[in-house]
Student: 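Structure below; questions to follow.
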Number of protein chains: 2
Amino acid sequence: MRLMQNPAPQRDSYHHGNLPQVLIREGAALLAERGIDRFSMREVARRAGVAVAAPAHHFGNARGLLTAIAAEGFGQLAQRQATAAAAMTDPRDKVIARCRAYIAICVEEPGQALVMFRPELVNDSDPLFQERAVQTFALFRDAVARAAIPDANASQVGQIAKTLWSMMHGLQALRMITDAEAEGLIRFAVGAMLAGPR
Amino acid sequence: MRLMQNPAPQRDSYHHGNLPQVLIREGAALLAERGIDRFSMREVARRAGVAVAAPAHHFGNARGLLTAIAAEGFGQLAQRQATAAAAMTDPRDKVIARCRAYIAICVEEPGQALVMFRPELVNDSDPLFQERAVQTFALFRDAVARAAIPDANASQVGQIAKTLWSMMHGLQALRMITDAEAEGLIRFAVGAMLAGPR
DNA sequence: CCTCTATCTGATCATTGCTCAGATCAAAAT
DNA sequence: ATTTTGATCTGAGCAATGATCAGATAGAGG
């Protein structure tokens with residue numbers, strides 16, 4: 001049996017009030033700052049001003065927090081892509097705009113991006129994560145379907161969507177492009193994939 | 001001042017003889033078995049039958065060992081791609097064969113693949129790593145150049161090569177394809193990219 | 001035989017993820 | 001109004017990790 005010796009809370013109230021959201025925000029910031037290999041649950045707790053064990057109550061373990069951060073990121077990505085696509089009228093430009101938004105979120109929200117596209121880091125059976133990830137890709141595939149040639153079947157549309165989605169991921173993960181190159185590369189790839197092989 | 005108390009070596013000789021290569025092999029095996037987040041230098045040392053501090057002498061730190069594993073992987077990838085391409089005569093088939101080899105090494109050598117395409121996990125200023133990584137991609141780009149339409153310039157060839165290379169990475173990193181799908185997807189993407197936008 | 005140098009060892013330190021019993025507190029139940 | 005309940009948060013403890021250090025070992029060349 002262990003006795004409490006220094007209960008001293010550092011906050012106004014014992015209960016934080018909104019800890020899960022704060023942990024997600026601080027976690028994403030720490031990821032952006034340090035990268036995944038120097039990410040630490042204890043440091044997140046420290047920055048949130050709570051005990052090291054507090055995060056575990058809400059997220060179970062480190063993987064749980066990373067999963068929540070990724071789910072949050074997919075929500076943001078879907079929203080950004082919708083906004084970007086809405087600003088365009090041509091179906092092909094809508095696809096291009098969605099690709100741009102993908103690259104943009106990786107640049108502007110590096111914390112979320114670091115875990116969103118790493119299946120091995122998250123708990124991919126988490127319902128919220130799964131729903132948002134699937135939904136985000138589905139919206140992209142629908143945009144591709146509307147831009148594809150009229151007689152394209154679902155299988156072909158799926159191939160194009162998967163290919164472009166993968167390409168976006170690879171370009172930023174492998175650091176193969178600068179921001180300046182991105183635009184031309186996206187236009188070229190989207191144009192080529194929608195046209196298909198000759 | 002610290003005194004040695006139990007020198008007891010567990011091997012025939014005090015010196016291992018070929019420790020760096022054994023550590024690279026065991027490290028890759030451990031990566032394949034546990035993934036990057038449960039990878040441990042100490043476990044690698046244990047499996048190699050040496051003290052926990054022995055690897056540090058050869059590789060400096062964990063990042064150093066991961067970098068060496070990645071460099072080893074790029075050597076293997078270049079070799080596999082060369083062999084696969086040599087078996088084909090048509091330039092386009094050579095490109096397809098190289099893409100297939102990329103996917104294949106990710107499936108068959110998951111340990112190496114786990115670190116080869118993660119710039120943030122390795123020391124990308126390491127000369128051996130850098131040379132092999134650059135060389136491997138350069139060979140791929142040359143294959144694309146020979147398959148591209150005759151009037152394609154270097155910039156266009158570079159775009160196609162980067163796009164296909166990124167796509168291969170994304171497909172396997174995001175786990176978007178099964179082995180069965182891979183062939184069709186690769187043929188479609190290579191055909192479309194070499195044809196370009198219409 | 002002796003020195004030099006690279007290799008390898010065991011110990012130590014700060015830090016980490018996780019678990020646990022117990023403290024706190026808001027809100028529901030009485 | 002008082003009690004109970006359940007969720008939230010705390011500090012301590014444990015096993016494990018990466019990194020570093022002085023010292024032990026052995027092979028190579030003088």
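Naming: A, B, ... by sequence-line order, numbering from 1 per chain.
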Student: Kindly point out which of D:dC21, D:dT17, C:dC18 is positioned nearest to the side chain of B:Arg42?
Tutor: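 Nearest to the side chain of B:Arg42 among the choices is D:dT17.
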
Student: Nearest whole angstrom, please: distance from the C1' of C:dA6 to the CG of B:Asn18.
Tutor: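 Rounded to whole Å, this separation is 15 Å.
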
Student: Is there a side-chain contact between B:Met193 and A:Met193 (heavy atoms, below 4.5 Å)?
Tutor: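 Of all side-chain heavy-atom pairs linking A:Met193 with B:Met193, at least one is under 4.5 Å.
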
Student: So do A:Arg118 and B:Arg118 actually touch side chain to side chain, heavy atoms under 4.5 Å?
Tutor: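 Yes, side chains in contact.
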
Student: Whole-Å distance between D:dG27 P and B:Leu19 CG?
Tutor: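 After rounding, the reported distance stands at 15 Å.
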
Student: D:dT17, D:dG18, C:dT9: which one has an atom nearest the side-chain heavy atoms of B:Met41?
Tutor: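 Among the listed nucleotides, the one closest to the side chain of B:Met41 is D:dG18.
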
Student: Of the nucleotides D:dG18, D:dG13, D:dC9, which one has an atom closest to the side chain of B:Ser40?
Tutor: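 Ranking D:dG18, D:dG13, D:dC9 by closest atom to the B:Ser40 side chain puts D:dG18 first.
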
Student: Taking C-beta and beyond as the side chain, do B:Arg187 and B:Arg100 meet within less than 4.5 Å on heavy atoms?
Tutor: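 B:Arg187 reaches B:Arg100 side chain to side chain.
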
Student: What is the distance, to the nearest angstrom, from the CG atom on A:Leu23 to the P atom on C:dG17?
Tutor: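 To the nearest whole Å, that distance equals 13 Å.
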
Student: Identify which one of A:Gln79, A:Arg80, A:Glu72 satisfies the side-chain hydrogen bond (donor to acceptor under 3.5 Å, both in side chains) criterion when paired with A:Gln76.
Tutor: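 Exactly one option meets the side-chain hydrogen bond (donor to acceptor under 3.5 Å, both in side chains) with A:Gln76, and it is A:Glu72.
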
Student: For A:Phe74 and A:Phe137: C-alpha separation, side-chain torsions, deciding distance, then whether ring-ring contact (aromatic ring centres under 6.0 Å, His included) applies.
Tutor: CA-CA 9 Å; A:Phe74 271 112; A:Phe137 177 70; over 10 Å; no

Student: D:dA16 P sits how many Å from B:Arg34 CZ, rounded?
Tutor: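 Interatomic distance, CZ of B:Arg34 to P of D:dA16: 11 Å.
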
Student: Heavy atoms only, 4.0 Å cut-off, all strands: where does B:Arg38 land among base, sugar-phosphate and nothing?
Tutor: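 The answer is nothing, as B:Arg38 stays clear of every strand by at least 4.0 Å.
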
Student: Quick check for you: among D:dT10, D:dT8, D:dA19, whose closest atom lies nearest to any side-chain atom of A:Ala51?
Tutor: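 It is D:dT10.
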
Student: A:Asn61 side chain: which of C:dC18, D:dC9, C:dT19 is closest?
Tutor: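 Of the candidates, C:dC18 comes closest.
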
Student: Side chain of A:Arg46, heavy atoms from C-beta onward: which of C:dT16, D:dT17, C:dC18 has the nearest atom to it?
Tutor: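 The answer is C:dT16.
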
Student: Figure out the NE2/C1' separation between A:His58 and C:dC18, and round it to whole Å.
Tutor: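 Taking atom C1' of C:dC18 as the reference, NE2 of A:His58 is at 16 Å.
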
Student: A:Val52 has a side chain; which of C:dC18, C:dC8, C:dC20 sits nearest to it?
Tutor: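 Ranking C:dC18, C:dC8, C:dC20 by closest atom to the A:Val52 side chain puts C:dC18 first.
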
Student: Could you check which of D:dA19, C:dA11, D:dC9 has an atom nearest any side-chain atom of A:Ala54?
Tutor: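 Minimum distance to the A:Ala54 side chain belongs to D:dC9.
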
Student: Starting at atom CD of B:Glu43, determine the distance to atom P of D:dA15, rounded to an integer number of angstrom.
Tutor: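 Taking atom P of D:dA15 as the reference, CD of B:Glu43 is at 18 Å.
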
Student: Between D:dT20 atom C1' and B:Phe59 atom CZ, what is the distance in whole Å?
Tutor: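 Nearest whole value for this atom pair: 18 Å.
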
Student: Distance check: side-chain N/O of B:His57 vs OP1/OP2 of D:dT20, anything under 4.0 Å?
Tutor: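 So the side-chain polar atoms of B:His57 never come under 4.0 Å of the phosphate oxygens OP1 or OP2 of D:dT20.
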
